[in-house]
Amino acid sequence: MPAQPNALLARIERYATNAAQHIALTDGTCSLSYADLLGQIAQRRQRLRNAHARRVALALDNGLEWALWDLALMMEACVAVPIPEFFSDQQRRHIVQQAGLDSWIGRGSEAYGFQPTDDMAITHRRVEQPPALHAGTTRITFTSGTSGSPKGVCLDNRALLTVTESLATVVAPLDIRRHLALLPLSTLLENIGGLYLPLWLGACSVLPSMAALGWQGASGFHAPQAIEAIDRYQPNSMILVPQLLQALVHYTPSAPSSLRFVAVGGATVAPTLLAHARQSGWPVYEGYGLSECTSVVCLNRPGEPSRGVGRPLPHAQVQVDENGQLHVRGALMLGYLGEAPNGEWYATVDTGHWQGDAVVLNGRQREVFITAYGRNVNPQWVEGELCMQPAIAQAMVYGEALPANRALIVPASAHIIDTQINAAIDAVNRTLPDYAQVHEWQRAAPFTPHNQQLTANGRLRRDTLLAAYGDWLCAAANHSAQLDQPGVTP
């Protein structure tokens with residue numbers, strides 16, 4: 001497949017000529033110079049052609065292989081489909097069918113009908129009639145699941161590199177030489193900001209495995225291990241979700257001296273956390289974005305006062321309508337997989353207002369919450385699963401900006417004991433990806449129209465329930481809490 005013109009490849013080629021021995025990628029054990037990088041990309045492009053790979057799942061841990069295959073897929077204009085480690089088996093099956101995947105790089109493909117090829121890294125499945133894609137699609141990033149079936153966001157290389165170039169303009173004065181990827185590269189934010197951006201700048205992207213950085217699944221994080229990695233690699237930049245920032249600031253009283261830029265996004269960041277981090281010397285800059293807008297839309301800048309989520313990036317335009325909803329133009333998705341093409345503007349369902357030329361977020365119009373690890377969860381999905389259990393009559397799930405989701409549980413009868421509810425939640429958790437699981441719960445009286453906690457047609461009145469139980473639902477997380485098993489809160 002012929003490669004599309006690609007500005008990132010041109011920049012890598014320039015660095016390979018002018019700074020051939022500068023390190024482009026390292027995982028802490030092996031390193032590749034810019035000259036090495038060109039050869040490795042070219043080799044993998046040929047392997048993709050030999051395997052007749054067109055729509056390719058990328059299901060690897062962070063590391064050199066993830067980066068090299070991703071870059072080869074981009075340069076070869078294949079359709080790359082990153083598979084987050086935290087997606088459930090059901091979600092992966094959905095992605096394979098919805099995207100019409102014909103190739104898989106990584107572990108676990110046999111369960112989805114892929115067979116070995118002559119290339120040890122690539123497995124293949126025959127797809128007679130692949131689903132139609134939006135013209136120009138080279139990347140499908142699946143949302144982290146506002147329901148059991150994630151939506152595919154179709155992007156092209158132009159959008160990915162437009163955002164990369166905008167970010168490069170913002171951070172150029174900082175002379176970033178080394179970036180440490182603390183988030184999974186399957187996350188669009190880290191993929192762009194932690195791989196494409198450092199290479200665009202001629203810097204080094206440091207890509208240890210997730211376990212080496214202290215990650216324990218998608219919703220567990222060991223801060224001391226991450227601090228050790230930061231001390232070892234001495235990065236100038238990182239990207240964090242709020243919970244990681246909170247854990248790192250809580251663990252160490254002062255910021256590592258090498259850091260010049262720490263972008264924070266993916267979920268609402270508490271103002272007190274930002275203030276505490278800055279007082280401790282962390283150079284944190286809050287931003288805002290969506291997969292549908294190719295990740296970053298707004299970002300606070302170095303050398304400027306912090307205001308909300310910052311000014312729109314150079315490529316982006318933002319409008320606020322009469323209802324306070326944000327609309328974005330610039331580097332938008334081509335459309336959702338299987339749906340009509342996107343228009344010139346994207347309605348975000350987020351609300352906000354202007355503070356000068358910066359955007360301040362007010363909240364979301366929809367009920368989806370975003371956990372402290374940046375995972376989108378539709379509570380109705382989890383509540384429906386909980387209420388399928390005989391011991392549970394009603395449930396409300398909440399996890400906005402929290403490291404562990406909480407649930408109000410109405411038992412099926414007054415005779416149901418806590419161990420039965422724990423067993424019911426355990427059973428549901430085993431069927432859910434870990435970002436959607438319930439780890440803390442509390443008994444509640446029945447939700448009814450009479451107490452204004454239920455509509456006449458049976459929908460939860462979340463605002464009323466938050467007013468009644470908000471002190472517990474929204475309480476700050478206990479850092480020492482163990483999240484492996486659901487627990488009742490008195």
Side-chain angles (χ1 to χ4, degrees), residues 25-28 58-67 70 80 82-87 139 141-145 150 153 160 163-164 167 171 176 178-199 203-223 225-230 233 235-249 256 259 261-269 273 277 282-291 294-296 299 370-376 401 403 433-435:
L25 304 174
T26 182
D27 61 6
L58 195 52
L60 295 167
D61 192 3
N62 277 19
L64 297 184
E65 287 300 312
W66 201 105
D70 178 67
I83 307 292
E85 182 274 334
F86 52 82
F87 272 3
R139 176 67 50 96
T141 184
F142 279 84
T143 64
S144 54
V153 175
L160 295 168
V163 175
T164 301
L167 290 170
V171 303
I176 301 296
R178 186 180 288 258
H179 176 90
L180 176 61
L182 270 176
L183 301 180
L185 287 168
S186 58
T187 304
L188 186 60
L189 177 59
E190 190 71 80
N191 193 178
I192 294 174
L195 179 58
Y196 303 154
L197 178 57
L199 295 177
C204 174
S205 180
V206 184
L207 307 170
S209 70
M210 291 280 87
L213 292 168
W215 280 94
Q216 301 160 347
S219 301
F221 183 69
H222 187 58
Q225 199 168 344
I227 291 294
E228 288 178 6
I230 295 170
Y233 296 114
N236 302 136
S237 64
M238 298 190 306
I239 301 169
L240 303 176
V241 292
Q243 181 57 24
L244 299 194
L245 176 63
Q246 184 173 4
L248 294 174
V249 171
L259 291 173
F261 186 83
V262 177
V264 185
T268 303
V269 189
L273 173 58
W282 289 81
V284 291
Y285 298 89
E286 186 179 7
Y288 163 73
L290 309 93
S291 296
T294 318
S295 195
V296 189
L299 187 62
I370 304 178
T371 73
Y373 291 93
R375 310 300 179 208
N376 298 340
D434 59 1
Y435 65 83

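- W215 places a side-chain N or O within 3.5 Å of a backbone atom of L182 that can act as its donor or acceptor partner.
- T26 pairs by the side chain to side chain donor-acceptor pair (under 3.5 Å) definition with S31, not counting sequence neighbours.
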Query raised in the report: Between L207 and W66, is a side-chain contact (heavy atoms from CB on, under 4.5 Å) present by the stated rule, with each step listed?
Result: CA-CA 9 Å; L207 307 170; W66 201 105; over 6 Å; no
Report task. Check the pair L199, L25 against side-chain contact (heavy atoms from CB on, under 4.5 Å), reporting the backbone distance first and the verdict last. Result -> CA-CA 9 Å; L199 295 177; L25 304 174; 4.2 Å; yes
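- Inter-residue side-chain proximity for V264 and V241 is flagged as unmet; no heavy-atom pair is nearer than 4.5 Å.
- Contact between P82 and P84 at its shortest, heavy atoms only, is O-CD, 3.4 Å.
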Requested in this report: I would like to know whether T187 and R375 meet side-chain contact (heavy atoms from CB on, under 4.5 Å); could you show each step before the answer?
Outcome: CA-CA 10 Å; T187 304; R375 310 300 179 208; 4.0 Å; yes
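- When every heavy atom of A247 is checked against every heavy atom of A223, the shortest pair comes out as O-CB, 3.7 Å.
- Side chain of Q225 to backbone of A211: a donor-acceptor contact under 3.5 angstrom is found.
- Checked against side-chain contact (heavy atoms from CB on, under 4.5 Å), T141 has the following partners two or more places apart in sequence or in another chain: V153, L155, L188, S291.
- Separating the CG atom in L189 from the CG atom in L240 is a distance of 10.0 Å, to the nearest 0.5 Å.
- Listed by chain and residue number, R139, N191, Y196 satisfy the side chain to side chain donor-acceptor pair (under 3.5 Å) test with D70 (two or more places apart in sequence, or in another chain).
- Of the possible donor and acceptor atoms, one in the side chain of T371 sits under 3.5 Å from a partner among the backbone N and O of Y373.
- Panel note: side chain N376, backbone T143; no donor-acceptor pair is recorded below 3.5 Å.
- Between V262 and P283 there is a side-chain heavy-atom pair separated by less than 4.5 Å.
- Within the 4.5 Å cutoff, side-chain heavy atoms of L244 are placed close to those of L183.
- Side-chain contact between V206 and P198 is absent, with no heavy atoms from C-beta onward closer than 4.5 Å.
- The side chain to side chain donor-acceptor pair (under 3.5 Å) check on E190 picks up H179, with sequence neighbours excluded.
- A donor-acceptor pair under 3.5 Å links the side-chain atoms of T164 to the main chain of L160, judged by distance alone.
- When every heavy atom of L213 is checked against every heavy atom of A229, the shortest pair comes out as CD2-CB, 3.7 Å.
- In summary, the aromatic rings of W282 and F261 are positioned with their centroids too far apart to meet the 6.0 Å limit.
- Pairing each heavy atom of L197 with each of G193, the nearest pair is CB-O, 3.6 Å.
- Put simply, CG on L185 and CG on L60 are 10.0 Å apart, with the number rounded to the nearest 0.5 Å.
- Separation of atoms CD1 (I230) and CD1 (I227) is listed at 4.5 Å; rounding is to 0.5 Å.
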Query raised in the report: Checking side-chain contact (heavy atoms from CB on, under 4.5 Å) for the pair I192/T294: CA distance, chi angles, key distance, verdict?
Result: CA-CA 9 Å; I192 294 174; T294 318; 3.9 Å; yes
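- Taking S205 as the reference, nothing meets the side chain to side chain donor-acceptor pair (under 3.5 Å) condition, with sequence neighbours excluded.
- Using a 4.5 Å heavy-atom threshold, the side chains of I83 and L58 count as separate.
- Of all heavy-atom pairs between L259 and S237, the closest is CD2-N, 4.3 Å.
- Under the rule for a ring-ring contact (aromatic ring centres under 6.0 Å, His included), Y233 has no partner lying at least two apart in sequence or in another chain.
- Side-chain atoms of N236 come within 3.5 Å of backbone atoms of R178 as a donor-acceptor pair (strictly under, hydrogens ignored).
- Across A372 and P403, no two heavy atoms sit closer than the pair CB-N, 3.7 Å.
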